[in-house]
Every structure is written in structure tokens, then in C-alpha cells.
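We count residues from 1, following the sequence as given.
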Amino acid sequence: KSHGYRPWEYYNADEELKEAISQINSGFFSPGQPDLFRPLVDSLLGYDTYMLLADYRAYVDCQDRVAALYEDQDAWARMSILNTARMGYFSSDRTIREYCQEIWNVESVLPDEPDAAFAGPLLQKA
């Protein structure tokens, strides 16, 4: 963005992207209301806050690689199992604990009554 993001350049450089946006703009996906998605198209081609057009080709290319990999069921199963096995690190418990320690500067404390343990740790200012 600092060098001047121009969504029209991405639109004009990629025929597939151009066709998709043109179909959306023409009312192809909303025949009863051909102007329904005009604000979306105007946003994408006008200022594209999230630079979606810049990411389009990389997204489509990655999706093509995923589709090709899915055809190899053994490789897909292996990757799925490994992905599941490795996701433990990304637990919400760990994330909340790190936020408590590193961002909010609070520590977790367990309640005094055993019956209240189902509520989880409480937070107090460190």
C-alpha cells in the first residue's frame, strides 16, 4: 500500500479475475437484481481496503495445489492426520494463558471452592 495500491492493475492483469468480477458486476449471480453486487465491485475496484485483488492469484494457485493433493488420498490422509496431531499448540487455553501473562499482565487463580472449578480460572490483576 505504501507504494500505491491500484486494484485496477490486478483486475486488468488477470483474465480469470477480470471475468469473475465482470460476471458479478453484470448481474450474472443475481439475475433478479442485476445491481445487487455493484457496491461490492465498486469497493473492490475503487479502494479495496483489504487488497483482496492483490491476493487473488496466490489464493487460486494455492487452491489448485490443494485440489491436486486431495486427488492423492494417501498423501491427503497423512497430511490431515499430521495437521490434527500438531494442532495442540494452537489451543485456546494456551492462547488465553499467554494473553494473560504477556498482554493483560494478569495471572490465573483457581477458585477456593471445589464445586466452582467448572467455571475455570478467574483473572486478577498481577
Side-chain angles (χ1 to χ4, degrees):
K1 259 186 173 175
S2 65
H3 298 292
Y5 173 65
R6 291 174 283 286
W8 277 94
E9 290 179 6
Y10 292 93
Y11 173 82
N12 287 319
D14 190 317
E15 284 302 316
E16 184 180 84
L17 174 62
K18 189 174 190 177
E19 181 179 348
I21 290 180
S22 295
Q23 284 185 332
I24 294 167
N25 194 44
S26 73
F28 181 84
F29 298 104
S30 56
Q33 295 178 279
D35 291 335
L36 180 65
F37 297 115
R38 182 80 30 95
L40 171 64
V41 171
D42 291 345
S43 170
L44 288 172
L45 295 176
Y47 45 91
D48 191 14
T49 303
Y50 300 105
M51 301 192 326
L52 298 170
L53 300 189
D55 290 337
Y56 177 80
R57 179 52 37 206
Y59 176 84
V60 170
D61 291 346
C62 183
Q63 188 59 47
D64 289 344
R65 289 191 306 275
V66 168
L69 179 63
Y70 184 74
E71 295 294 318
D72 181 349
Q73 290 293 293
D74 289 336
W76 184 263
R78 181 179 186 282
M79 288 181 70
S80 298
I81 291 167
L82 289 173
N83 188 46
T84 302
R86 294 173 178 158
M87 67 186 268
Y89 175 77
F90 295 100
S91 75
S92 57
D93 291 340
R94 180 202 49 85
T95 302
I96 292 169
R97 187 172 43 257
E98 285 180 8
Y99 265 74
C100 287
Q101 295 166 348
E102 299 170 14
I103 296 176
W104 300 326
N105 295 316
V106 294
E107 58 186 60
S108 59
V109 286
L110 294 174
D112 292 332
E113 312 88 50
D115 293 339
F118 71 89
L122 303 174
L123 302 178
Q124 71 181 25
K125 197 71 173 162

Using a 6.0 Å cut-off, check whether atom CZ of Phe29 has over 12 heavy atoms from anything other than its own residue.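 Yes - once you tally the heavy atoms of other residues, nucleotides and ligands closer than 6.0 Å, there are more than 12.
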Reported [atom1]-to-[atom2] distance for the pair [X] and [Y], which is rounded to 0.5 angstrom:
{"X": "Leu45", "Y": "Leu40", "atom1": "CG", "atom2": "CG", "answer": "9.0 Å"}
{"X": "Trp8", "Y": "Asn12", "atom1": "CH2", "atom2": "CG", "answer": "6.5 Å"}
{"X": "Ser43", "Y": "Tyr50", "atom1": "OG", "atom2": "OH", "answer": "9.0 Å"}
{"X": "Leu82", "Y": "Arg78", "atom1": "CG", "atom2": "CZ", "answer": "5.0 Å"}
{"X": "Glu98", "Y": "Trp104", "atom1": "CD", "atom2": "CH2", "answer": "11.5 Å"}
{"X": "Thr49", "Y": "Leu44", "atom1": "OG1", "atom2": "CG", "answer": "9.5 Å"}

What about Ile81 and Met87, same hydrophobic cluster or not, with Ile/Leu/Val/Met/Phe/Trp/Tyr joined at side-chain heavy-atom distances under 4.5 Å?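 As far as the 4.5 Å side-chain criterion goes, Met87 and Ile81 are not connected within one cluster.
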Hydrophobic cluster membership, Met51 vs Val41, 4.5 Å side-chain cutoff: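 Yes, Met51 and Val41 fall within the same hydrophobic cluster.
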Tell me the side chain to side chain donor-acceptor pair (under 3.5 Å) pairs involving residues 18-28, sequence neighbours left out?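 Found Tyr11-Ser22, Asn25-Arg38.
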Hey, can you tell me if Trp76 and Tyr70 have their rings parallel, tilted or perpendicular (30° and 60° cut-offs)?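 Aromatic pair Trp76/Tyr70 classed perpendicular.
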Check Asp48 against Leu53 and note the closest heavy-atom contact, atom names and distance.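 What the structure gives for the nearest pair is OD2-N, 3.0 Å.
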Locate the shortest heavy-atom distance separating Tyr5 from Ala54; write the atom from each residue and the value.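 Nearest pair, atom of Tyr5 first, then Ala54: OH-N, 3.4 Å.
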Is there a donor in the side chain of Tyr56 and an acceptor in the side chain of Asp14, or the other way round, less than 3.5 Å apart?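 The answer is no; no qualifying pair exists.
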